[in-house]
There are 2 protein chains.
Amino acid sequence: MLQDHSVHVQCGDCPIRHRAVCARCDTDELTRLEQIKYYRSFQAGQTIIWSGDRMEFVGSVVSGIATLTQTMEDGRRQMVGLLLPSDFVGRPGRATAAFDVTATTDLVMCCFRKKPFEDLMAATPHIAQRLLEMTLDELDAAREWMLLLGRKTAREKIASLIAIIARRDAALHLRRPAGALAVDLPLTREEMADYLGLTLETVSRQISALKRDGVISLEGNRRVTIADIDRLMEEAGDDSDGGMLV
Amino acid sequence: MLQDHSVHVQCGDCPIRHRAVCARCDTDELTRLEQIKYYRSFQAGQTIIWSGDRMEFVGSVVSGIATLTQTMEDGRRQMVGLLLPSDFVGRPGRATAAFDVTATTDLVMCCFRKKPFEDLMAATPHIAQRLLEMTLDELDAAREWMLLLGRKTAREKIASLIAIIARRDAALHLRRPAGALAVDLPLTREEMADYLGLTLETVSRQISALKRDGVISLEGNRRVTIADIDRLMEEAGDDSDGGMLV
DNA sequence: ATGGCTCCTTGACCCAGATCAACAAGAGGC
DNA sequence: GCCTCTTGTTGATCTGGGTCAAGGAGCCAT
């Protein structure tokens with residue numbers, strides 16, 4: 001009986017390598033990464049790291065989806081990061097986590113124990129440079145997200161979220177959309193609400209409204225078909241096309 | 001007649017060096033930075049970079065305050081970054097700016113032309129590593145900000161903003177508060193509204209409310225005295241003390 | 001097939017904060 | 001001093017999205 005073969009993915013020929021930490025590593029550097037890496041699986045709903053925990057490792061999402069969230073004492077919750085395959089988790093140079101990291105689907109991570117990774121980073125400028133690039137991208141994304149949270153209407157927020165997921169999906173698979181585009185929403189209504197700073201009822205109402213108005217259509221309640229991307233972007237209120245689709 | 005002496009500040013003995021890009025550079029690296037640096041002054045209200053512009057330089061704020069903002073076609077505006085002295089501006093590895101950068105007070109920047117800086121960065125792992133650290137800090141701050149925008153009430157937002165400015169102020173001067181703490185709000189009510197995702201009227205009302213309730217008091221309408229920091233933090237709804245004051 | 005989940009939708013009502021509008025308080029400039 | 005311009009305050013009213021509440025739709029497990 002074979003083990004789940006996802007645990008045998010190699011960084012070097014991983015299909016998402018073009019977006020990963022090791023995107024520009026040479027074979028020598030890859031070898032050293034291989035030596036310190038290991039895989040961990042998490043079940044849907046499982047918390048990977050609690051805010052305030054000691055961080056034992058850093059790593060990349062190989063498959064599945066994780067979220068970064070912050071919760072106030074009274075239970076108000078805000079998602080502050082959505083981690084899709086190739087995204088980096090953890091913070092070299094800091095001992096404890098500032099946010100909760102949760103697997104929202106079954107998840108496989110490619111992990112590196114923190115100390116060896118930091119040593120390798122110190123010895124391999126490539127990696128720090130690539131990590132800087134990725135962190136700057138994340139910061140840009142966080143800033144777009146801030147505009148969404150602070151100024152967009154509920155309808156614009158939903159349209160934006162669908163556009164963001166469609167874009168990430170396309171970027172990951174290096175493909176451009178062929179006509180009507182189908183996207184799986186990897187989040188529950190409640191998770192979308194936490195992403196958007198809304199309640200789940202408002203999310204549900206606005207998705208219904210976009211459907212009623214012909215901007216999207218639904219198969220089941222997770223799979224969305226986007227009839228007209230330009231119309232969706234317009235509904236999202238984005239001034240730029242946000243670098244839509246790579 | 002002497003020129004404004006702020007233009008003669010040296011990175012090496014700059015009072016804010018402990019927070020700047022060059023925080024951990026040795027004398028040799030500092031010398032190389034000195035060779036490619038130059039100073040630029042901007043007047044209050046002047047736009048430093050427009051979103052979409054080619055970025056000719058990167059640099060650090062020496063004195064004064066700049067903001068990073070995003071504007072939608074219909075004029076809705078969201079601040080996505082508040083740049084105080086020691087903060088880094090610009091994005092090595094990207095040709096065009098994604099946000100508007102504006103001086104909200106008279107401002108002096110220590111600039112490096114982009115290409116030489118990138119070359120130096122490639123040759124000096126130190127700098128990329130320090131920049132990564134700073135970017136990760138900014139990302140953490142952006143994520144706290146997202147909780148504020150998505151989930152906090154107007155009153156909590158105002159309390160948070162005052163706390164954030166007090167904290168940054170203290171960190172910059174490496175001092176801890178002695179009893180009641182006075183802070184200058186370096187922003188107009190409208191700028192605060194853009195920071196917080198509110199209208200300026202709501203900002204004004206909530207500041208009045210905090211004053212009425214004895215959480216803060218005002219001298220003029222820019223200088224705030226915080227009677228009781230713990231009370232303010234409580235009003236801000238922060239679960240952690242947010243690493244208050246370094 | 002039935003009960004008990006979790007997830008989603010929809011309706012009725014309410015309220016925090018937006019909007020519209022008037023006015024006060026400085027800060028220069030002359 | 002007086003005028004003008006910008007910035008800030010406060011009031012009255014409106015509304016988008018929150019809250020509360022009642023079902024519906026899948027999806028197991030028994």
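Numbers restart at 1 for each chain; the letters A, B, ... are given by sequence-line order, proteins then strands. Please read all numbers here as calculations on a predicted model, not as lab measurements.
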Tabulated below should be each protein N or O lying under 3.5 Å from an N or O of nucleotides 25-27 of chain D; please produce it.
none

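- Rounding to the nearest 0.5 Å places CZ of R189(A) at 5.0 Å from CG of N221(A).
- Of the side-chain N and O atoms in T153(A), none sit less than 4.0 angstrom from OP1 or OP2 of dG16(D).
- A salt bridge is defined here as a Lys NZ or Arg NE, NH1 or NH2 lying under 4.0 Å from an Asp or Glu carboxylate O, and R91(B) with D137(A) meets this definition.
- Counting heavy atoms from C-beta outward, E190(B) and R77(B) have side chains that stay 4.5 Å or more apart.
- At a threshold of 4.0 Å, the pair D194(A)-R151(B) counts as salt-bridged, since one of the basic side-chain nitrogens sits closer than that to a carboxylate oxygen.
- Electrostatic pairing of E156(B) and R76(A) counts as a salt bridge here, judged by a charged N lying under 4.0 Å from a carboxylate O.
- Ion pairing between K152(B) and D238(B) holds under the 4.0 Å rule for side-chain N and carboxylate O.
- Distance R151(B) CZ to dG17(D) P: 13 Å, rounded to the nearest Å.
- Between the CE atom of M192(B) and the P atom of dT7(D) there is a distance of 12 Å, given to the nearest Å.
- In this structure, the CD atom of E156(A) is 12 Å from the P atom of dG16(D), given to the nearest Å.
- Atom CG of L200(B) is separated from atom P of dT10(D) by 13 Å (rounded to the nearest Å).
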Polar pairs (N or O, both sides) under 3.5 Å between protein and nucleotides 11-15 of chain D?
{"residue": "dG11(D)", "atom": "N7", "partner": "R205(B)", "partner atom": "NH1", "Å": "2.9"}
{"residue": "dG11(D)", "atom": "O6", "partner": "R205(B)", "partner atom": "NH2", "Å": "3.2"}
{"residue": "dA12(D)", "atom": "N6", "partner": "R205(B)", "partner atom": "NH2", "Å": "3.4"}

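- The distance between atom CZ of R189(B) and atom C1' of dT10(D), rounded to the nearest whole Å, is 13 Å.
- Within the 4.0 angstrom heavy-atom criterion, no nucleotide atom of any strand lies near I207(A).
- Side-chain contact between T153(B) and Q206(B) is absent, with no heavy-atom pair separated by less than 4.5 Å.
- Ring geometry for W145(B) against Y195(B) counts as parallel: the plane angle stays under 30°, on a 0 to 90° scale with 60° as the upper cut.
- Around the CD atom of E201(A), the shell of radius 6.0 Å holds more than 12 heavy atoms that belong to other residues, nucleotides or ligands.
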Worked check of salt bridge (charged side-chain N to carboxylate O under 4.0 Å, His left out) between R143(B) and E138(A) | CA-CA 11 Å; R143(B) 283 170 167 160; E138(A) 257 191 287; 2.6 Å; yes

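- A salt bridge links R223(B) with D184(B): the distance from a Lys NZ or Arg NE/NH1/NH2 to an Asp or Glu carboxylate oxygen falls below 4.0 Å.
- Toward the 5′ end of DNA chain C lies the nearest nucleotide of E190(A), the other residue of the pair E190(A) and V203(B) mapping further downstream.
- Checking S217(A) against K211(A) by side-chain atom types alone, no donor-acceptor pair falls below 3.5 Å.
- Residue G45(B) is classed as having no contact, given no heavy-atom separation below 4.0 Å to the nucleic acid.
- Distances shorter than 4.0 Å separate some side-chain N or O of S204(B) from OP1 or OP2 on dT9(D).
- Regarding L187(B), its CG atom lies at a distance of 15 Å from the C1' atom of dG8(D), rounded to whole Å.
- Taking 4.0 Å as the cutoff to heavy atoms of chain A, we find the contact window on DNA chain C bounded by dC8(C) to dA12(C).
- Contact annotation for R222(A): backbone-only contact, meaning every heavy-atom pair under 4.0 Å involves sugar-phosphate atoms and none involves a base.
- As rounded to whole Å, 13 Å separates atom C1' of dG8(D) from atom CD1 of I158(B).
- Residue T188(B) places none of its side-chain N or O atoms closer than 4.0 Å to OP1 or OP2 of dT6(D).
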